[in-house]
Number of protein chains: 2
Amino acid sequence: MAQATGPSRSQPATLSDVARLAGVSIATASKALNGRSQVRAETRQRVIEAAERLSFRPNQLARGLLAGRTGTVGLLTSDLEGRFSIPILMGAEDAFGAGEVAVFLCDARGDAIREQHHVRALLGRRVDGLIVVGSRTDPRPSLGRELPVPVVYAYAPSEDPADLSIVPDSVGAGRIAVDHLLACGRSRIAHITGDPGYLAAQERAVGARAALADAGLALVGEPRFGVWSEGWGRAATAMLLDQHPDVDAVLCGSDQIARGVMDVLRERGHRVPEDVAVMGFDNWQVLTSASRPPLTSVDMNLEQVGRAAAHALFTAIAGARRSGVETLPCRVVIRGSTAPLS
Amino acid sequence: MAQATGPSRSQPATLSDVARLAGVSIATASKALNGRSQVRAETRQRVIEAAERLSFRPNQLARGLLAGRTGTVGLLTSDLEGRFSIPILMGAEDAFGAGEVAVFLCDARGDAIREQHHVRALLGRRVDGLIVVGSRTDPRPSLGRELPVPVVYAYAPSEDPADLSIVPDSVGAGRIAVDHLLACGRSRIAHITGDPGYLAAQERAVGARAALADAGLALVGEPRFGVWSEGWGRAATAMLLDQHPDVDAVLCGSDQIARGVMDVLRERGHRVPEDVAVMGFDNWQVLTSASRPPLTSVDMNLEQVGRAAAHALFTAIAGARRSGVETLPCRVVIRGSTAPLS
DNA sequence: AAACGAACCGAAAAGGTTTTCCGTGAAGCT
DNA sequence: AGCTTCACGGAAAACCTTTTCGGTTCGTTT
């Protein structure tokens with residue numbers, strides 16, 4: 001009953017179909033299509049035309065079964081919803097797509113059980129490697145050393161130093177942010193940032209202080225930790241202006257916070273950037289370009305993190321293992337909210 | 001040289017390894033692990049333990065090769081960056097993950113050539129079906145009727161009515177938005193929306209007008225089309241207030257526009273929601289909850305669109321084809337920016 | 001005791017591709 | 001003419017799992 005190539009939808013052509021149509025053996029057809037040299041040019045041409053006519057696509061399953069390599073990798077995110085996973089994922093997909101590698105996407109939704117389940121499923125499909133994408137930069141548990149394929153951790157590093165992790169340089173990000181404000185001639189710089197439980201918040205503050213110290217300066221007051229929201233940005237700014245009305249720059253832990261900061265600054269009659277310069281982190285387009293004025297922000301180069309992770313996985317699959325945490329530099333994107341003091 | 005199970009990383013165990021360890025044939029091992037009935041309980045136990053010890057995972061490639069079904073689907077997005085693809089993708093991933101189906105993610109980046117390339121690659125991997133996710137609701141070209149696997153279009157419908165498409169009900173969205181404003185006692189409702197080249201903008205306006213007409217009312221002025229930005233929301237609101245200072249509600253084409261609208265309303269001394277109610281579309285958390293007051297918005301239920309697409313693909317793979325454009329209802333999420341007139 | 005049935009297990013084929021090895025024929029050389 | 005060399009094409013194994021079908025063993029029945 002099943003062989004009716006009939007009405008609806010025929011099976012895809014197989015290599016033996018091509019061989020039959022071209023009047024050669026399966027082996028010859030394979031060699032002709034793969035550019036092997038043991039086949040006459042004329043024969044090769046005949047095979048190629050036959051494959052064309054049948055719109056033959058080699059079955060990657062069979063190929064993978066034989067080769068022991070499938071040309072697939074697993075991309076395991078812990079949180080698709082969060083906006084940090086997406087650019088990383090794009091970078092990785094981009095890097096792999098160019099190399100004929102297909103990507104299995106799995107979202108663990110922050111659940112370790114589900115993550116374990118996905119890992120097992122991916123290994124059953126014989127992926128050549130795994131990329132684990134976190135939703136924040138705090139270290140996360142390793143998947144273990146016993147996996148049969150290489151693993152690269154992106155954004156959230158593994159707790160096990162034997163694993164390879166690719167993360168943005170948060171300390172450096174704090175540094176270059178302050179360097180930019182210093183270059184704008186600011187010297188009374190405050191720092192309003194988010195949840196102190198986030199390593200990124202701590203590291204950016206460390207970098208900012210280090211850059212100020214190098215210039216013989218210090219923050220105006222202590223860093224103000226809170227939550228990653230506009231509301232906190234507004235509240236913290238109100239307090240800041242009460243205590244330090246002479247502040248000439250505010251470095252904000254995120255673009256959202258910066259948005260709130262700028263609103264209150266404007267409401268209180270401080271001009272941005274003439275009186276107070278404002279910077280954010282993350283360079284989240286929808287916020288930076290909607291602000292008045294557009295917001296200068298530190299871009300974490302997440303797409304590049306994804307690409308680097310993909311590249312590292314490539315080389316690991318080829319046999320060259322690395323380990324440890326590798327950091328990638330961030331960059332300042334200058335917009336209207338920061339400008340030299342006139 | 002290759003058989004050294006040696007130092008670094010051994011090959012995954014195969015069924016014949018398990019069979020050998022358990023002292024049975026390959027066939028029996030397979031039957032034991034798959035719950036077939038022709039094997040003694042004690043033997044089955046022995047096999048299961050052997051599989052456990054070797055941490056055996058059946059090779060899905062071999063299984064797929066044999067069964068003709070791979071348990072994989074392709075998810076083809078035209079634009080990962082845009083925020084509409086992500087929830088759809090999450091819904092689809094969620095629905096498939098529960099069913100032991102793995103998802104290949106491909107991002108065409110809005111390029112038809114790249115899309116074609118990805119389709120070919122996916123077919124080479126013998127996916128059982130395809131979901132095509134668009135970045136806007138305007139119809140897009142079909143992948144064609146000649147594909148060997150079923151295809152479901154999500155968010156952006158196919159131009160070919162023979163294809164199956166799942167989209168949110170934009171006209172209905174406009175309707176329920178106005179219905180909500182009417183229920184709040186508003187009667188002088190303006191509409192500030194985005195790019196008129198977007199079908200979503202047109203359809204929402206159509207729905208809004210229809211709901212008003214049903215109540216014997218009309219919009220305050222014409223719908224104001226522009227771009228999907230806060231800046232446009234601010235500019236349009238300024239004009240609106242000049243011409244119609246007595247407006248008591250503004251229906252905005254997106255949450256971004258709504259954000260701009262609210263800013264200007266407040267600056268001009270109009271209270272939200274006491275004097276003017278404001279609504280947006282998309283229910284984009286980061287904007288709706290950061291607004292002052294939090295923004296009432298129409299949620300397009302995109303995750304549900306993704307789930308429905310996955311489900312439709314499931315049944316199509318099982319043989320039950322549908323066709324045409326199926327719409328899913330949207331829902332109003334009420335927050336502080338709309339309230340009954342006191 | 002012979003025959004029968006049930007329960008259990010194994011051999012083998014199938015799925016599609018790549019690769020190795022062998023065979024055939026022709027051309028080149030002495 | 002007889003030999004080697006070369007170019008080309010084909011047979012078959014391998015990858016791993018599932019399933020069908022046939023075979024063995026043991027207990028039961030007449």
Side-chain angles (χ1 to χ4, degrees), chain A residues 2-3 10-48 50-51 54-72 100 123-128 148, chain B residues 1-3 10-48 50-51 54-71 100 123-128 148:
Chain A
Q3 70 171 9
S10 58
Q11 298 298 319
T14 139
L15 186 57
S16 88
D17 297 332
V18 175
R20 191 168 340 111
L21 181 58
V24 299
S25 76
I26 297 183
T28 305
S30 172
K31 284 181 278 199
L33 293 176
N34 291 325
R36 290 277 162 284
S37 62
Q38 304 115 328
V39 48
R40 194 166 23 170
E42 176 215 284
T43 310
R44 184 187 307 276
Q45 193 54 36
R46 226 169 52 234
V47 173
I48 290 179
L54 299 174
S55 62
F56 166 75
R57 317 241 80 220
N59 186 329
Q60 297 295 130
L61 292 180
R63 192 182 282 201
L65 187 58
L66 193 57
R69 281 188 43 255
T70 57
T72 61
E100 303 285 281
L123 291 179
R125 296 192 184 276
R126 297 298 188 271
V127 293
D128 296 331
Chain B
M1 62 184 181
Q3 70 170 9
S10 57
Q11 298 299 319
T14 142
L15 187 57
S16 89
D17 297 332
V18 175
R20 193 169 336 114
L21 181 59
V24 299
S25 75
I26 296 182
T28 303
S30 173
K31 284 182 280 199
L33 293 176
N34 291 324
R36 291 276 163 283
S37 62
Q38 305 116 326
V39 47
R40 195 166 22 170
E42 177 215 284
T43 309
R44 184 188 306 276
Q45 193 54 36
R46 226 169 52 234
V47 173
I48 290 178
L54 299 173
S55 62
F56 167 76
R57 317 242 82 218
N59 185 328
Q60 297 295 131
L61 293 180
R63 192 181 282 197
L65 188 58
L66 195 57
R69 281 188 42 256
T70 57
E100 302 286 279
L123 292 180
R125 296 192 184 278
R126 296 298 187 272
V127 292
D128 295 331

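Chain naming here is simple, since letters A, B, ... match the order of the sequence lines and numbering starts at 1 in each. These numbers come from the heavy atoms of this one structure, side chains and all, not from hydrogens, waters or symmetry mates.
A/N34 places no side-chain N or O within donor-acceptor distance of the main-chain N or O of A/R36, the cut-off being under 3.5 Å. Without hydrogens or angle criteria, A/R125 side chain to B/Q60 main chain gives no donor-acceptor distance under 3.5 Å.
Residue A/R63 places at least one side-chain N or O under 4.0 Å from the OP1 or OP2 atom of C/dT18. For the pair B/R36 and D/dT19, the criterion of a side-chain N or O lying under 4.0 Å from OP1 or OP2 is met. Remark: B/S30 is not in phosphate contact with D/dT17, judged by side-chain N or O atoms under 4.0 Å from OP1 or OP2.
Closest to the A/R40 side chain, of the nucleotides D/dG9, C/dG16, C/dC8, is D/dG9. Distance from the side chain of B/T43 is smallest to C/dC9 among D/dT19, D/dC8, C/dC9. Distance from the side chain of A/A27 is smallest for D/dG10 among the nucleotides D/dG9, D/dG10, C/dG16. In this structure, the nucleotide among C/dT17, D/dG9, D/dT19 sitting nearest to the side chain of B/K31 is D/dT19. With D/dA11, C/dT17, D/dT18 as the choices, the nucleotide that has an atom nearest any side-chain atom of A/S25 turns out to be D/dA11. Closest approach to the B/N59 side chain among C/dG16, D/dT18, D/dC16 is made by D/dC16 (side chain taken as heavy atoms from C-beta onward).
Taking CG from B/L66 and CG from B/N59, the interatomic distance works out to 11.5 Å, rounded to the nearest 0.5 Å.
Among the heavy atoms of the strands, none lies under 4.0 Å from A/L61. Across all strands, B/T14 comes closer than 4.0 Å only to sugar-phosphate atoms, never to a base (heavy-atom distances).
A straight line from CG of B/L15 to P of C/dG15 spans 20 Å, rounded to a whole angstrom. As a whole-Å value, the separation of A/R69 CZ from D/dA14 P is 22 Å. The interatomic distance linking A/R46 (CZ) with D/dC8 (C1') rounds to 12 Å, in whole Å. Protein atom CG of A/L65 is 17 Å distant from nucleotide atom P of D/dA13, rounded to whole Å. Here C/dT17 presents its P atom at 11 Å from CG of A/L54, a figure rounded to the nearest Å. Taking atom CG of B/L66 as the reference point, atom C1' of D/dC15 lies 13 Å away to the nearest angstrom. B/Q38 places its CD atom 9 Å from the C1' atom of C/dC9, with the value rounded to the nearest Å. B/I26 has its CD1 atom 12 Å from the P atom of C/dA12, to the nearest Å.
Mapping A/T28 and B/S16 onto DNA chain D via the closest heavy atom, the residue that lands nearer the 5' end is A/T28.
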Test side chain to side chain contact (heavy atoms under 4.5 Å, CB included) applied to B/L15 and B/L33, step by step | CA-CA 10 Å; B/L15 187 57; B/L33 293 176; 4.0 Å; yes
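Using a 4.5 Å heavy-atom cutoff, the side chains of A/R126 and B/P12 are in contact.
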